[in-house]
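So the structure is just underneath, and the comments pick up after that.
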Protein chains: 2
Amino acid sequence: MFVHPGVVPSADEPRHAYHHGDLRAALLDAAVALIAEGGLPALSLRECARRAGVSHAAPYRHFVDKDALLLAIARQGFEWLADAAEAAMARHKDPVERLDAYGVAYVRFAADHPVHHRVMFSASLGTAAHEHEGEDRAFDLLLAAARDVVGASGADPLEAALAAWSLTHGLTMLILDGRVPARLAGTPAQAEALARRVIAQWRGPLLARVVEDPSNASTSRRVPSGGRRPKPKSRG
Amino acid sequence: MFVHPGVVPSADEPRHAYHHGDLRAALLDAAVALIAEGGLPALSLRECARRAGVSHAAPYRHFVDKDALLLAIARQGFEWLADAAEAAMARHKDPVERLDAYGVAYVRFAADHPVHHRVMFSASLGTAAHEHEGEDRAFDLLLAAARDVVGASGADPLEAALAAWSLTHGLTMLILDGRVPARLAGTPAQAEALARRVIAQWRGPLLARVVEDPSNASTSRRVPSGGRRPKPKSRG
DNA sequence: GCCCCCATGTTGCCGCCGTCAACATGTTCG
DNA sequence: CGAACATGTTGACGGCGGCAACATGGGGGC
């Protein structure tokens, strides 16, 4: 049996275990493992079935086709992402800090679940199925945070959200594609720290404050000779 | 013949036209068209051969395998990207403006050549072949621009480059994946304008100036009630 | 000017894959 | 107890990537 205990049973699918223990979960697990080993093109339903110890057509009793399996992984990922972002934001009151927390949680989530992130944003699905409930939830969280940040300034919250999403999404993709030196993002913890520094580097005029402390905004007028690169002194 | 005149012969491969006019270029064209129509999974060497009017094994005389064809597309894309970035940066002297120009050119390139960008950053190749000459050239340009921006401030140029790359790369991926409303990025020109606004939104303490005009840096201390969203008055 | 060689393209084959249809089995419930 | 249904199996089909063996024709050596 390849069903390792890490599997969260997702609590919204048939629980009955007829012949196999929980084939659906086993297939999802095998799929994630396959993608982790050889990327998306390495995923095959037949190999998943093999690893789950069932025949090559058994998966079709749980997923209408290959894309449905990928969709299930993506859905799970969006749920986890929304949960992580929500929890991270809940630890802050300041709008900017909440937006930062979202971004850091985003990168951290991708570092912790690289396969899920890759599947969530794989072009295969892309336009096909943009109706994940979790995706809407994650995006609504981001949009609300952006709205709080821009406040009544008249700036477009959607574009602010897009800008924040772009930064963290781009960093995430570069890390996951191995284009960031391992020294900077070799572990999820390093990736998270890098995300904090990258976000801090970009803090801009729209947000009208320095990340470290709202009171000393004047330091943003010139290149600070020191005190730059604020150590994320365990905020939260 | 499916060889439309848009094909740039790439000028570094055997020019002799034995039986087919220029099968290699025809295959590359067909591959790009296939990916444009149905994404990466829609690419098949056999369909490329069919569209080029040759037998299913003919492509193997020009590409050792499917990945080699994708690699050729990626290489072409990196060359184009480096050229575009170089040209865009050459129109500016100010370091920050040069870095901005790089980012805008990056997004514009991806909007103009979505298939190439997708292939360039497809996970399939990823770790396999990071030795595109064009990729090094494009990254070196970015790194040099970042170095000029951070100057002697002591900031890590690599991390600054990474931050800039993250923002534009993320925006690019979101646009290409259809996650940005068509109203904001339906055409390459719109995507370019959006890139300018997104970059401007993030201008931060490290760069210590407002994008519009270096002299009015004080407007960055408060959320500007007006004058935000600077119309990109055809800089250059 | 001739011929041979090799780059180019073809045919045929293999195994793998996604997917479907037909069949088998075991569970649940009337 | 038996029927209906969910689950899993077997076998088949066409498409694909890739290899080997064969065909061809153009250009360079003589």
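A quick note: this is a predicted structure, and the numbers were derived from the prediction, not measured. Letters A, B, ... are given to chains in the order of the sequence lines, protein chains preceding strands, and every chain is numbered from 1.
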Can you tell me the distance, in whole Å, between the CG atom of B/D22 and the P atom of C/dT8?
10 Å

Rounded to whole Å, how long is the line connecting atom CZ of B/F63 with atom P of C/dT8?
12 Å

So does B/R137 pair up with B/E79, basic N to acidic O under 4.0 Å?
yes

Which letters describe nucleotides 16-24 of chain C, given B = protein heavy atom under 4.0 Å from base, S = only from sugar-phosphate, - = neither?
-BBBB-B--

Aromatic rings A/Y106 and A/H169: how do their planes relate, parallel, tilted or perpendicular, breaks at 30° and 60°?
perpendicular

State which residues pass ring-ring contact (aromatic ring centres under 6.0 Å, His included) with B/H116; sequence neighbours excluded, sorted by chain then number.
B/W80, B/H113

What pairs with A/F78 under ring-ring contact (aromatic ring centres under 6.0 Å, His included), at least two apart in sequence or on another chain?
A/F121, A/H132

Pairing of A/D29 and A/R24 as salt bridge, 4.0 angstrom limit
no

